[in-house]
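Data block below; observations after.
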Amino acid sequence: MDNYILQMKDISKSFPGVKALQHVTIEVRQGEIHGLIGENGAGKSTLMKVLMGIYHAEEGDILLEGRKLKISGPKEAIDQGIGMVPQELNLNPFVSAAENIYLGNEIKGPRGIDWKRTNEEAKKVMASVGLEINPNVIVNRLSAAQQQLIQLSRVLATGAKLLIFDEPTASLTTKETETLLNLMRKLRDEGKTIIFITHHLDELLSTTDRITVLRDGQVVSVDETSTIDESDLIEEMAGKKMAKQTRVERTVNGEEILKVEHFSRGREFRDINFSVKKGEIFGIGGLVGAGRTELISAIFGITRKESGTLYLEGKQVDIKSPNEAVALGMGFLPEERRAHGIFPILSVKENLVVPMFHKLFKAGKIDYGEAKKITENYIERISIKTPSVETQIKSLSGGNQQKVILSRWLAEGARVIFMDEPTRGIDVNAKAEIYDLIREITNDGVTVIVVSSEHEELMLLCDRIMIMHEGEQKAIVDAKEIKTSQDILEIALR
Amino acid sequence: MDNTKKKFSLMNLPTEYMMLVVLIVLCVILSIMKPAFYSSFNVSTLIRTISWTTIVAFGQTLVLLTGGIDLSVAGIAGMSGILSAWFMVNAGIPPFIVIPCVLILAFVCGCVNGLLITKVGMIPFIVTLATGQIFTGVIYVITQGHPILGIPDSAVKLGQGMLFGKIPFPTIAMVILCIVLSYVMKYTPFGRYVYAVGGNKTAATIAGVKSDKVTILVYGISSVMASIGGILITCRLGTAQPTVGADWVMPSVTAAAIGGTSLAGGRGTIIGALIGGCFMGVVQNAITILAISAYWTQIITGIIILIAIAIDCIKSKRLNQA
């Protein structure tokens with residue numbers, strides 16, 4: 001019989017209107033790295049939250065080493081030896097590494113917390129994950145990768161046997177990722193069991209022993225890693241429903257509308273030069289830390305460039321704030337839609353007309369009738385699913401929120417729209433709609449500049465792609481010449 | 001899920017209208033228990049008393065909407081009262097010149113608050129705490145702690161006069177300001193930008209809103225409101241007391257909060273501040289005419305605030321679950 005450390009049997013969990021998990025069974029063997037993969041919304045995070053006691057399943061059992069467990073909260077899960085390295089780090093940035101590691105698990109002496117031992121123990125734990133730093137260092141002075149190791153150290157300090165890594169490599173560089181994967185293998189060899197959630201197939205295939213694939217809240221398959229390859233996984237994740245997106249060939253004959261010359265800003269990006277034609281979809285690709293977001297933020301005036309010149313329709317312009325960029329006919333879809341894009345408690349209508357209030361202000365009064373008409377027009381035209389124009393935007397799905405923000409700029413009459421990760425956190429079907437929409441508006445003469453970490457997105461959407469790496473412009477290529485994501489990586493890392 | 005079957009209940013009303021219903025019920029009960037409550041003398045005293053803090057609460061509401069707080073309203077109110085009295089009495093300048101000048105000065109002081117908050121990046125609480133101290137200090141430097149007596153009759157009329165012999169001028173000022181500000185908040189770009197900046201400042205900036213300018217103006221307006229309150233009460237008293245407005249900060253926040261304004265920003269209305277202000281005035285009045293010991297006032301006010309805010313939180317929690 002297999003020696004299972006964890007069995008989650010027949011787990012079901014629903015949220016209003018969604019069956020997040022339906023009779024999910026997952027079995028993890030003692031001492032393996034078990035991969036967990038699925039599209040956004042497949043139920044990976046929900047399943048792990050059930051395991052950590054953050055959510056409570058309506059049905060199903062959790063067995064740890066054969067014993068049935070009742071986990072009512074994270075504290076109990078931790079006491080049972082389960083630990084999670086979350087996707088969003090939850091460290092206190094203002095206190096020391098050692099204090100963070102022993103947070104909630106303080107080493108106490110006769111007179112309160114024993115700081116001397118805390119520091120000693122922290123140092124040992126950190127050394128075991130290859131982090132050789134002073135335990136007294138304040139956490140916000142550490143890099144993202146180091147902070148993640150602090151988080152891992154915290155989990156190890158609780159004596160966890162079963163470790164969950166939720167998208168641990170999302171904000172790491174290639175080199176840091178490799179280090180982390182090696183560390184995971186080392187922990188496994190030392191007898192820990194690991195559940196590894198990631199979107200990166202190559203990481204899964206190179207690290208895990210077995211892989212469970214989730215789709216729409218159900219388990220699709222459980223495979224020995226040695227018996228499968230990338231295309232198997234993609235097929236299992238996507239199922240039949242995904243009509244694979246195809247590239248639409250376009251020809252762009254417009255005149256040059258935007259030209260960037262010698263743009264630099266500190267270490268973020270250096271000497272960037274490119275020009276974009278009217279109606280073009282121009283992509284900016286590269287790995288995390290390439291300086292893509294920083295570049296378009298500086299063009300749009302969210303931050304200030306240190307040197308360089310910007311031309312709009314041949315005229316030199318100096319943009320010092322987003323307000324000036326908007327006045328010149330530019331728009332911006334930020335990467336963090338929730339944090340930087342929407343006004344959560346305001347209505348769809350108001351979210352849509354924000355940049356044009358001054359235009360709607362006629363005879364001492366905002367013309368709300370006109371605002372409503374504009375909003376209804378866009379709801380109809382690009383099929384935004386919302387109960388009404390007065391609905392608070394936070395109750396819409398991510399894809400529909402993104403459509404509202406895009407409509408905001410179309411209604412304002414923006415001629416150049418910057419889009420930072422336009423489809424992040426948006427499901428497959430809504431993605432396809434957003435792509436169609438981008439093609440449609442560019443056919444109408446709007447120019448779009450897309451920043452994306454998904455190389456596939458750039459390949460099937462853009463006319464040309466600029467590839468950046470660590471602040472430097474590596475190449476501008478015709479998107480037709482790019483066949484696989486590997487081509488982009490080769491250019492970036494060459 | 002099913003919006004169609006939404007039954008009418010107090011809980012479904014916006015907070016400010018829920019409080020209005022409670023307020024009306026409270027007034028009806030009081031009138032039945034003590035007919036003296038709706039005597040014209042009591043009513044006109046009541047509506048005049050609430051004017052000062054409610055006018056200040058209008059400005060405070062704008063500041064709270066941006067996610068800040070203005071603790072300097074006490075200092076501004078006191079300084080405005082003292083300065084206008086000083087110029088009218090000691091320099092003999094007529095009120096119709098003095099008052100606008102003092103209001104402009106207050107606006108500038110408020111904008112300084114806003115500049116320190118936006119351009120220097122200081123926390124509103126600390127900035128307005130400090131500038132509030134400075135403004136209060138100015139009062140004592142000017143007056144050495146003594147009141148200024150002998151304010152000209154034309155000014156006193158502003159504070160003591162009544163329209164039709166029943167409605168006090170300060171109340172009329174309050175109502176006009178309420179209408180004007182409500183209109184500004186609803187029908188002008190500036191008003192909508194205040195909600196946008198309070199709801200999500202980064203998003204507002206990226207959408208092309210001049211967030212800093214909006215914030216600075218809001219603190220300017222808050223100071224002007226405090227200044228109007230300070231001048232009106234000085235005119236009402238006929239003397240400028242150094243302590244005028246000193247205890248207005250918390251009532252102004254309270255009125256706004258009872259009226260449904262979120263201290264986290266982005267949510268609230270001017271009419272809510274008016275309702276909140278009336279509510280607090282009526283409660284205080286009730287304590288007086290029901291001959292409850294005045295020492296209970298603060299306990300009762302505290303409980304009302306907790307209940308009002310708790311209901312508000314429960315409501316928004318429910319909304320989030322739906």
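All figures in this text were calculated on a predicted structure; none of them were measured in a lab. Note on naming: letters A, B, ... go to the chains in the order of the sequence lines (proteins, then strands), and numbering restarts at 1 for each one.
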Query raised in the report: Of all residues at least two apart in sequence or in a different chain, which pass the side-chain hydrogen bond (donor to acceptor under 3.5 Å, both in side chains) check with B:Thr269?
Result: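 Testing B:Thr269 for side-chain hydrogen bond (donor to acceptor under 3.5 Å, both in side chains), a comparison that skips the adjacent residues, returns B:Glu16.
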Query - With A:Glu306 via side-chain hydrogen bond (donor to acceptor under 3.5 Å, both in side chains) - residues at least two apart - result: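 Checked A:Glu306 against side-chain hydrogen bond (donor to acceptor under 3.5 Å, both in side chains); zero matches.
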Just give me the residue among [options] that pairs up with chain B most often, heavy atom to heavy atom, under 4.5 Å.
| options | value |
| --- | --- |
| A:Ser297, A:Gly301, A:Gly364 | A:Gly364 |
| A:His340, A:Arg337, A:Arg408, A:Glu336 | A:His340 |
| A:Ile342, A:Leu333, A:Ile302, A:Ile405 | A:Ile342 |

Requested in this report: Tell me, for A:Pro344 versus chain B, whether the close heavy atoms (under 4.5 Å) come from the side chain, the backbone, both or neither.
Outcome: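 It is the side chain, since no backbone atom gets that close.
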Flag if over 12 foreign heavy atoms under 6.0 Å of [atom1], [X]:
| X | atom1 | answer |
| --- | --- | --- |
| B:Phe125 | CZ | no |
| A:Lys362 | NZ | yes |
| A:Lys372 | NZ | no |
| A:Ile138 | CD1 | yes |

Query raised in the report: Between atom CG of A:Leu360 and atom OH of B:Tyr187, what is the distance when rounded to the nearest 0.5 Å?
Result: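 Spacing of CG (A:Leu360) from OH (B:Tyr187) equals 13.5 Å.
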Query raised in the report: When rounded to the nearest 0.5 angstrom, what distance separates CD1 in A:Ile366 from NZ in B:Lys186?
Result: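 Taking CD1 in A:Ile366 and NZ in B:Lys186, the distance rounds to 8.5 Å.
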Report task. Pull out the residues in residues 319-330 of chain A that come under 4.5 Å of chain B, heavy atom to heavy atom, sorted by number. Result ->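 Heavy-atom contacts from residues 319-330 of chain A to chain B are A:Pro322, A:Asn323, A:Val326.
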Report task. Begin with the C-alpha distance, continue with both residues' side-chain angles, and end with the deciding distance and a verdict on side-chain contact (heavy atoms from CB on, under 4.5 Å) for B:Phe190 and A:His358. Result -> CA-CA 9 Å; B:Phe190 167 76; A:His358 61 282; over 6 Å; no
**Report entry** Toward chain A: residues of residues 194-219 of chain B with heavy atoms under 4.5 Å
**Finding:**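 Contacts with chain A: B:Tyr195, B:Ala196, B:Gly199, B:Asn200, B:Thr202, B:Ala203, B:Ala204, B:Thr205, B:Ile206, B:Ala207, B:Gly208, B:Val209, B:Lys210.
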Requested in this report: Determine whether A:Phe343 and B:Arg192 make a side-chain contact, defined as any pair of heavy atoms from C-beta on separated by less than 4.5 Å.
Outcome: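 Contact flag for A:Phe343/B:Arg192 side chains = no.
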Query raised in the report: Looking at B:Tyr183, is A:Lys365 sitting on its ring face, NZ or CZ under 6.0 Å from the six-membered ring centre and within 45 degrees of the normal?
Result: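 Cation-pi check for A:Lys365 and B:Tyr183: fails.
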